[in-house]
Amino acid sequence: MDNLMTNLTKFISKFLYLTKGSYRRLVAMICLFLFISALEVFGTGMVGPFIVTATNPDSVLNNYWLNLVYEHLGFSDKYKFLVFIGFVVTLIFYIKTFCAFSAQKEVFNFGYRLKGKLSYNLLKAYLEAPYSFHLRANSSTLIQNITTTTDNFCIGVVMAILTSVSNTIVILALLLLLVKTSTIALIFIGVLFLIIAGLLRLIKDRLARWGIQGWDASAEMIRILNHGLGGFKETRVIGCEGYFINQMDAQVRKYATNKVLADSYGNLPRFVIEAFMISFLIGFTLLFIEFNRGEEKNLTVVLGIFSLASIRLLPAVSNLLGNVSTVRANAFAIDKLFFDFKEIEDFKKIESREFYSSEHDSEKSSSLLKSRVDAEIISFKKEIYVDNVTFQYPQMSRKALDKISFSIQKGQSIGLIGKSGAGKTTLVDILLGLFIPQTGDIKVDGISIYSNIRAWQNMIGYVPQSIFLTDDTLEKNIAFGVPEDLIDQDRLKHSIEVAQLSEVVSQLSDGVKTVLGERGVLLSGGQRQRVGIARAIYHEREILVFDEATAALDNETEQLITEATKALARSKTIIIIAHRLSTIEHCDQIYQLEQGQILKSGSYREVILGQ
């Protein structure tokens, strides 16, 4: 029992966390459910008096409540009184129907809007999550959470719970009416609930298992699609289409099997309850006749109430049981969404605490978290100073960077070289603000970049080895993240010229309006790199970071990219990671890294040629 209460408490706390900001609407809906149940009971309860009055008009004088209303409203004709009762009952059910429709509409409105809100918040949380979170997360799982897991929670849990609450209130109210009408009904109702409880207990664990296995299969299907279609060229050349098709077939079968079992057995209680409701009515009629001989005339009234109540009870109980099964099958979604939100919060706290635990105060720690969405400007007029930076990846024994210190003057070009694993990419990731060092700092004109990390990142243009291009026009890919109506055509033209893309644009069928295809399939590798450079130029970034941007290019294309970067010298501060030494020959300063430390530094002649 204690374990049940603990699990229920955890479930409620997670549910409230995911629905925060919507508590008033939840309370309002519950109040509406109570009002509907009151109308349901009153309307159903009035059916008995209506039948009594219709079959025996003189009974109005023998019934205290009917007689009270009859005399108080000044009726003298029993038929007119019967018409009045019929009108009241009809009106109540019309009002109840309207309210029930409104309540159902509000449940759908709440559920689907909550799905939109959670999808928005999840995407926002993922985009703002520390880089370390994304190193551990699988993009297929993140996509699955935003698109499908929110459905599991909002439709399979929230809407199901709200509908269950509505049905439960109606069921309890009608059961009280039936019990008050005849105590014999209490025996049948008790037996019925015991059977339902036993049935639910038998299948509850299976429903939960089938639900999570179906979700896992769905997530795996997305992963297979990403792999098979994402590497289509390699898939076609190697001829491994069958591998991905067979994988997809296995997961589709697993998904279908678990969904069939979950949905089928989830509806089992509904079919059982229908059979027992008929048994209940027949058994109750026989027992009533047996224990109330000589009062068979009352059976018509009692059965009238029971029949009408059963018409309403049957779908209510069926929906309740179906929704209970649905909640059990989708309850895993609460944990997945809750823990994702909490994990991102913890990552942010750890990231902030690690950097500010020693030499930085808590005020700057809060500034770091705030600055993720802050867009103030950092002044860069003199130099960037990397001050004694040390970084170690979680669960790694060796430091990736160990007390790295150097400075970059404004307008200077520097090159970073070294063997794989020397720490070049880690250093650049720290410079980009993706990682925060455990010790040390990075300062711009004496001001720590961690006082406003977003403002620092607004100064940086990043050109990786593999440029990310969307399935959109060239101009939208260059002005990445800018709405089409806000694209500055002068800046666009300037960035195209500086990146040496003018000839490419002239060869495209629709110029800058040409759709490049998924991942820029219409462009060559070198052209995609130049789009990356144009993107950095368009956004007017003062600092450009080239992360092995020419590593996969041929010599001629590499020369074009190198010429483009040379053209930016002095007007931009440039940081280049390179394996090909020819790409850093023009750099003012070169740093050679080895095992997380600076082994050599100096000009190209000093470091590379040893002169």
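The basis for the numbers below is simple: all heavy atoms, side chains too, and nothing from hydrogens, waters or symmetry mates. Predicted model, so just to flag it, every value in this text is computed and none were measured.
- In this structure, the side chains of T149 and L337 come closer than 4.5 Å at one or more pairs of heavy atoms.
- Counted within 6.0 Å of OH on Y255, heavy atoms from surrounding residues, nucleotides or ligands total 12 or fewer; the atom is thus considered open.
- Distance alone, capped at 3.5 Å, places no donor-acceptor pair between the H494 side chain and the I537 backbone.
- Formation of a donor-acceptor pair under 3.5 Å by the T148 side chain with backbone atoms of N145 is not found in this model.
- Minimum heavy-atom separation, D402 to Q597: OD2-NE2, 3.3 Å.
- With respect to F338, the ring pair (Phe, Tyr, Trp, His ring centres under 6.0 Å) criterion is satisfied by exactly one of F11, F15, Y17: Y17.
- Between F380 and I543 there is a side-chain heavy-atom pair separated by less than 4.5 Å.
- For the pair L501 and R530, the tightest heavy-atom approach, listed with the atom from each and the gap, is CD1-O, 3.6 Å.
- Side-chain atoms of K572 come within 3.5 Å of backbone N or O of R541 as a donor-acceptor pair.
- Between atom CG of residue D471 and atom CG of residue L516 there is a gap of 8.5 Å, rounded to the nearest 0.5 Å.
- Side-chain N or O atoms of N258 include one that pairs as donor or acceptor with a backbone N or O of K254 at under 3.5 Å.
- In terms of heavy-atom proximity, F546 sits nearest to I533 at CE2-CG1, 3.6 Å.
- Looking at D445, its side chain does come within 3.5 Å of a backbone N or O of K382 through a donor-acceptor pair.
- In this structure a side-chain-to-backbone donor-acceptor pair under 3.5 Å is present from D588 to S413.
- Contact of the K443 side chain with the I384 side chain is not registered, since no non-hydrogen atoms from C-beta on lie closer than 4.5 Å.
- Within the 4.5 Å cutoff, the side chain of V389 has heavy atoms near those of the I430 side chain.
- Counted within 6.0 Å of NE2 on H134, heavy atoms from surrounding residues, nucleotides or ligands total more than 12; the atom is thus considered enclosed.
- Counting heavy-atom neighbours within 6.0 Å of L16 CG, excluding the residue itself, gives a total above 12.
- A 4.5 Å side-chain heavy-atom check between T439 and N388 finds every atom pair outside the cut-off.
- In K117, the NZ atom is crowded: over 12 heavy atoms of neighbouring residues, nucleotides or ligands sit closer than 6.0 Å.
- Not one N or O on the side chain of S119 forms a donor-acceptor pair closer than 3.5 Å with the backbone of G116.
- Residues T19 and L26 form a side-chain contact, since some pair of their non-hydrogen atoms from C-beta on lies under 4.5 Å apart.
- Salt bridge absent: E594 and K419 never bring a charged side-chain N and a carboxylate O closer than 4.0 Å.
- Classification of D340 and K336 as a salt-bridged pair fails, no side-chain N sitting under 4.0 Å from a carboxylate O.
- A donor-acceptor distance shorter than 3.5 angstrom exists from the side chain of R535 to the backbone of N477, with no hydrogens or angles considered.
- In this structure the side chain of I344 never reaches within 4.5 angstrom of the side chain of F339, judged on heavy atoms.
- With rounding to the nearest 0.5 Å, the separation of CD in E383 from OG1 in T573 is 11.0 Å.
- A salt bridge links K410 to E542: at least one charged side-chain nitrogen sits closer than 4.0 Å to a carboxylate oxygen.
- The two residues F480 and T470 have their closest heavy-atom pair at CE1-CG2, 3.8 Å.
- At distances below 3.5 Å, not a single donor-acceptor pair connects side-chain atoms of K424 with backbone N or O atoms of D547.
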Check your understanding: Step by step, would you call Y393 with F435 a ring-ring contact (aromatic ring centres under 6.0 Å, His included)?
Key -> CA-CA 10 Å; Y393 288 99; F435 287 137; 5.5 Å; yes
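- Note that R491 lies in the cation-pi zone of Y538, set by a 6.0 Å cut-off to the ring centre and a 45° limit from the axis.
- Under the 3.5 Å distance criterion, the side-chain polar atoms of Q392 are matched with a main-chain donor or acceptor of M396.
- Across all non-hydrogen atoms, the minimal contact from F153 to L118 is CD2-CD1, 3.4 Å.
- The pair K513-E484 meets the salt-bridge criterion, with a side-chain N (NZ, NE, NH1 or NH2) lying under 4.0 Å from an Asp/Glu carboxylate O.
- You'll find the side chain of C587 reaches within 4.5 Å of the side chain of I576, heavy atoms only.
- Closest heavy-atom contact between K115 and D151: CE-OD1, 3.2 Å.
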